[in-house]
Protein chains: 2
Amino acid sequence: MAGRNTVQREIVLEELRGLANHPTADEVYESVHAKHSSISKATVYRILNKLAEEGVALRVKINNGADHFDHQVFDHYHVRCVRCGRVDDVEVPSQASLEEQAARTSGYQICGHTLQFDGICPECQKS
Amino acid sequence: MAGRNTVQREIVLEELRGLANHPTADEVYESVHAKHSSISKATVYRILNKLAEEGVALRVKINNGADHFDHQVFDHYHVRCVRCGRVDDVEVPSQASLEEQAARTSGYQICGHTLQFDGICPECQKS
DNA sequence: CTATGTGCAAAGCCTTTGCACCCCC
DNA sequence: GGGGGTGCAAAGGCTTTGCACATAG
């Protein structure tokens with residue numbers, strides 16, 4: 001591991017795993033802070049960044065607003081509700097092969113891609 | 001048109017069309033401001049938002065940093081250089097069919113998707 | 001004439017950072 | 001005991017907003 005195994009790190013990681021639905025950094029902080037009021041926001045942000053960097057968590061960049069974090073690190077895509085902001089996993093096969101095409105037509109050396117869906121979640125469809 | 005045809009709007013639109021490479025709002029502002037120093041940043045941001053809303057321009061949300069704007073409104077994807085931040089078009093066919101799959105597996109009512117590539121541009125590959 | 005757009009500056013949102021202190025290894 | 005981690009508060013980048021004034025239609 002690239003760093004020390006501090007109490008704060010353990011707590012943040014546990015909280016991230018406990019929060020089911022792709023929490024934002026701030027939501028993780030709120031959740032952590034509720035139980036351990038001494039842990040600062042800066043620390044939570046720093047730890048989440050580090051987890052993402054190490055590949056222990058996934059940083060999900062959402063088109064609108066704050067980044068979300070996902071404790072599931074396998075390759076998968078996300079859908080975001082345009083009404084309530086909720087983020088869910090989506091079972092669509094990896095489109096990694098598109099990268100070849102992109103490389104060919106653009107001249108770029110491609111190292112990754114992002115695919116995100118927008119829609120209305122089942123809950124919001126009811127209203 | 002959803003609003004008035006003001007001088008400022010004309011100037012911003014013209015400048016957006018003149019700037020080839022997916023300028024950020026701030027780059028559009030700089031360019032506008034250089035020629036017409038009385039036009040404020042707020043106005044440029046407001047006009048760009050409106051153009052995007054009307055479908056006259058495209059807002060390109062890039063994973064890192066500021067949003068870019070594109071005067072080309074046909075359906076296409078983008079690639080971003082992770083070194084220099086440059087953004088280019090990419091000739092990959094629209095993957096609209098993925099939306100069906102996403103809808104089926106997620107229960108969301110899908111209304112759009114975003115696909116973006118990351119890579120190293122030809123220029124940056126040299127160094 | 002009046003609803004809409006504009007300019008200015010201030011605030012907002014999310015995130016990072018400088019600094020002094022602390023503590024894991 | 002030394003280098004990385006933490007807490008606090010402040011700053012940072014990008015964007016929006018409140019308000020008073022100007023202007024298109």
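Proteins get letters first, then strands, A, B, ... in listed order; numbering begins at 1 in each. A quick note: this is a predicted structure, and the numbers were derived from the prediction, not measured.
- Rounded to a whole Å, the CD1 atom of A/I11 is 16 Å from the P atom of D/dG5.
- Rounded to an integer number of Å, the gap from A/I39 CD1 to D/dG5 P is 15 Å.
- Regarding A/I47, its CD1 atom lies at a distance of 16 Å from the P atom of C/dT15, rounded to whole Å.
- For B/A66 against B/I62, the heavy-atom pair with the smallest separation is O-CB, 4.2 Å.
- Atom CG of B/N64 and atom P of C/dT16 are 10 Å apart (whole Å).
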Review point. Would B/S106 and A/D88 count as a side-chain hydrogen bond (donor to acceptor under 3.5 Å, both in side chains) if you check the C-alpha gap in whole Å, the side-chain angles of each, and the deciding distance to 0.1 Å?
Key: CA-CA 8 Å; B/S106 67; A/D88 276 298; over 6 Å; no
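- When all heavy atoms of A/S94 and A/D75 are compared, the pair lying nearest together is OG-OD2, 3.2 Å.
- The side chain of A/T43 approaches D/dT6 more closely than any other nucleotide in the set C/dG7, C/dG5, D/dT6.
- Screening residues 111-124 of chain A for side-chain hydrogen bond (donor to acceptor under 3.5 Å, both in side chains), with sequence neighbours left out, gives A/Y77-A/H113, A/E99-A/H113, A/T114-B/N63, A/Q116-A/D118.
- When all heavy atoms are compared, the tightest approach of A/P23 to A/V28 is CG-CG2, 3.7 Å.
- In this structure, the helix from C/dC1-D/dG25 to C/dC25-D/dG1 shows an angle of 40° between the axis at its start and the axis at its end, each fitted on 5 base pairs and rounded to 10°.
- Residue A/N63 contributes atom CG, which lies 15 Å from atom P of C/dC14 at whole-angstrom precision.
- The interatomic distance linking B/Q8 (CD) with D/dA24 (C1') rounds to 11 Å, in whole Å.
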Review point. Once each nucleotide of nucleotides 20-25 of chain C is scored for protein heavy atoms under 4.0 Å, what B/S/- sequence comes out, 5' to 3'?
Key: ---BBS
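- The pair A/R104-B/E91 does not count as a salt bridge, with every side-chain nitrogen at least 4.0 angstrom from each carboxylate oxygen.
- B/Y108 and A/C81 make their closest contact through CE2-N, 3.6 Å (heavy atoms, listed as atom of the first residue, atom of the second, distance).
- Listed by first and then second residue, the ring-ring contact (aromatic ring centres under 6.0 Å, His included) pairs involving residues 52-75 of chain B are B/F74-B/H76 (not counting sequence neighbours).
- A salt bridge links B/D26 with B/K41; the closest basic N to acidic carboxylate O contact falls under 4.0 Å.
- For B/H33, the side chain to side chain donor-acceptor pair (under 3.5 Å) criterion is met by B/Y29, not counting sequence neighbours.
- Atom CD in B/E54 sits roughly 13 Å away from atom C1' in C/dT4 (whole-Å rounding).
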Exercise for review: Let me have a per-nucleotide readout for nucleotides 12-18 of chain D, 5' to 3', with B, S or -, counting only protein heavy atoms under 4.0 Å.
Suggested key: --SBBBB
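- When rounded to the nearest whole Å, the span between CD1 of A/I62 and P of C/dT15 equals 12 Å.
- Side-chain atoms of B/S31 and B/E15 form a donor-acceptor pair, as typed in the model, at a separation below 3.5 Å.
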